[in-house]
Amino acid sequence: MSAALSFHDACASYGVRPALQNISADFMAGCVTGLVGPNGAGKTTLLRVALGFLKPRQGRVDVLGQPLENWSRDALARSIAYLPQSAEAHWPVLASKLVALGRAPHRGAFAPLSVEDEVAIAEALMRADAVEFAQRRMDELSAGERARVLFARALATEAPILLADEPAAHLDPAHQLRLMELLGEEAARGVAVVVTLHDLALASRFCDALVVLKSGRAVAQGVPATALSDAILAETFGISAVRMEGPGAPIISWQRIASTP
């Protein structure tokens, strides 16, 4: 496996407020890497830096082995697919038309869809379990159905890197599990999947590796069992874990650590 996306001592700010501080991390091709941490830890900011939306004020970010600043906007859009956090998409547009937007980086402005575009759209709908929704309007779909269509839009880009910002938020448990399975299937195809999550149980079960952020710093990295150690859980999240062996994966529940008077 190789690093598709790398941060080297990267720092970023919103004005004078630091948002990322000396982040060094590798996101590997063929792996699902979870970004976890409390609210305001810098998870979404890290994705924004990778996408070129926010310029680092220090350090370097490499995409597919090349410095981020060397990439054109079009080339970067073909190399990194993005599933944003709050893409509700209650629009009166056919799901297939929305998925077609994922092909925009491969086409000129106002150019019709090519045969290659049509094939990519059909495959993306299939891989996202969204074929049955293709001819339905987005405003007629449930939250879980919309999530799969939006996921298909990202897949249609056919990028080697996929960034997903809280894709499981607002979904019921069954749809959360299926979406995480789909992310794993993309990693099995060789894609570097980076996903921000608040649900540590999902992160520990479905992610190959985790980067734990707190106050803009990476406080732990590694496989879930290491990155979510008892010490990290207490220091970063103020919780303790109850760990039990389950079929196929450990079952973990959490409880808040009572503050000292």
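- Arg189 has a carboxylate O that lies under 4.0 Å from a charged side-chain N of Glu186, or vice versa, which qualifies the two as a salt bridge.
- Under the side chain to side chain donor-acceptor pair (under 3.5 Å) criterion, the residue pairs touching residues 223-232 are Asp230-Arg243, with sequence neighbours excluded.
- In this model, a donor atom of one side chain and an acceptor atom of the other lie less than 3.5 Å apart for Tyr14 and Thr45.
- When all heavy atoms are compared, the tightest approach of Ala128 to Phe151 is CB-CD2, 3.8 Å.
- In this structure the side chain of Leu200 reaches within 4.5 angstrom of the side chain of Ile239, judged on heavy atoms.
- Under the 4.5 Å side-chain heavy-atom criterion for grouping Ile, Leu, Val, Met, Phe, Trp and Tyr, Phe27 is not connected to Val223 through any hydrophobic cluster.
- Between Ser6 and Asp26, the shortest heavy-atom distance links the atoms OG-OD1, 2.8 Å.
- With 3.5 Å as the limit, one finds no donor-acceptor pair spanning the side chains of Ser24 and Asp9.
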I'd like to know whether Val49 forms a side chain to side chain contact (heavy atoms under 4.5 Å, CB included) with Phe7, so could you lay out the CA-CA distance, the side-chain angles of the two residues, the decisive distance to 0.1 Å, and finally the verdict. CA-CA 10 Å; Val49 171; Phe7 283 67; 3.8 Å; yes
So Leu5 and Val61, side chain to side chain contact (heavy atoms under 4.5 Å, CB included) or not? Walk me through it. CA-CA 7 Å; Leu5 176 65; Val61 179; 4.0 Å; yes
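- Residue Glu166 holds its CD atom at 10.5 Å from CG of Leu171, rounded to the nearest 0.5 Å.
- Across all non-hydrogen atoms, the minimal contact from Arg146 to Leu141 is NH1-O, 2.7 Å.
- Every residue was checked against the side chain to side chain donor-acceptor pair (under 3.5 Å) condition with Glu140, not counting sequence neighbours, and none meets it.
- Note on Val194 and Leu182: separate hydrophobic clusters, where clusters join Ile, Leu, Val, Met, Phe, Trp and Tyr whose side-chain heavy atoms are under 4.5 Å apart, directly or indirectly.
- Side-chain N/O atoms of His8 and Asp62 include a donor and acceptor closer than 3.5 Å.
- When atom types are taken as modelled, the side chain of Gln176 and the backbone of Ala168 share a donor-acceptor pair closer than 3.5 angstrom.
- Using a 4.5 Å cut-off on side-chain heavy atoms (C-beta onward), Lys97 and Met138 make no contact.
- Smallest separation of non-hydrogen atoms from Leu197 and Cys207: CD1-SG, 3.9 Å.
- With hydrogens and angles ignored, the 3.5 Å screen pairs no side-chain donor or acceptor of Gln66 with any backbone N or O of Trp71.
- Shown here for Ser13 and Arg57, the closest heavy-atom pair between the two residues is OG-NE, 2.6 Å.
- Classification of Arg178 and Glu185 as a salt-bridged pair holds, one side-chain N sitting under 4.0 Å from a carboxylate O.
- With Arg103 as the fixed residue, the salt bridge (Lys or Arg N to Asp or Glu O under 4.0 Å) test singles out one of Glu158, Glu118, Glu116: Glu158.
- Residues Val99 and Ala156 come closest through the heavy atom pair O-CB, 3.7 Å.
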Between side-chain atoms of residues 73-80 and protein atoms elsewhere (two or more places apart, or another chain), which donor-acceptor pairs fall under 3.5 Å?
from  : atom 1 : to     : atom 2 : distance (Å)
Arg73 : NH1    : Leu51  : O      : 3.2
Arg73 : NH2    : Leu51  : O      : 3.4
Arg78 : NH1    : Pro105 : O      : 3.3
Ser79 : OG     : Ala75  : O      : 3.0

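- Leu162 and Leu46 are assigned to two separate hydrophobic clusters, defined by single-linkage of ILVMFWY side chains at heavy-atom distances under 4.5 Å.
- Leu163 CG to Asp165 CG: the interatomic distance, rounded to the nearest 0.5 Å, is 9.0 Å.
- Interatomic distance, CG of Leu213 versus CG of Leu20, reported as 7.5 Å (0.5 Å rounding).
- Note that CG of Leu177 and CG of Leu179 are 10.0 Å apart. Values are rounded to the nearest 0.5 Å.
- A donor-acceptor pair under 3.5 Å is formed between the side chain of Lys43 and the backbone N or O of Pro38.
- At a threshold of 4.5 Å between non-hydrogen side-chain atoms, the residues Arg205 and Met180 do not count as touching.
- For the atom pair CG of Leu54 and CG of Leu47, the computed distance is 11.5 Å after rounding to the nearest 0.5 Å.
- Cluster membership for Leu113 and Leu98, using ILVMFWY side-chain heavy atoms within less than 4.5 angstrom, is shared.
- Leu35 and Val193 are not part of a single hydrophobic cluster, where members link through side-chain heavy atoms under 4.5 Å apart.
- The CD atom of Glu132 sits 6.0 Å away from the CZ atom of Arg148 when rounded to the nearest 0.5 Å.
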Could you walk me through whether Leu64 and Ile161 satisfy the side chain to side chain contact (heavy atoms under 4.5 Å, CB included) test, starting with their C-alpha distance in whole Å, then the side-chain angles of each, then the deciding distance to 0.1 Å, before giving a yes or no? CA-CA 9 Å; Leu64 302 177; Ile161 301 170; 4.1 Å; yes
Evaluate Ser240 against Leu233 for side chain to side chain contact (heavy atoms under 4.5 Å, CB included), listing each step before the verdict. CA-CA 6 Å; Ser240 61; Leu233 290 174; over 6 Å; no
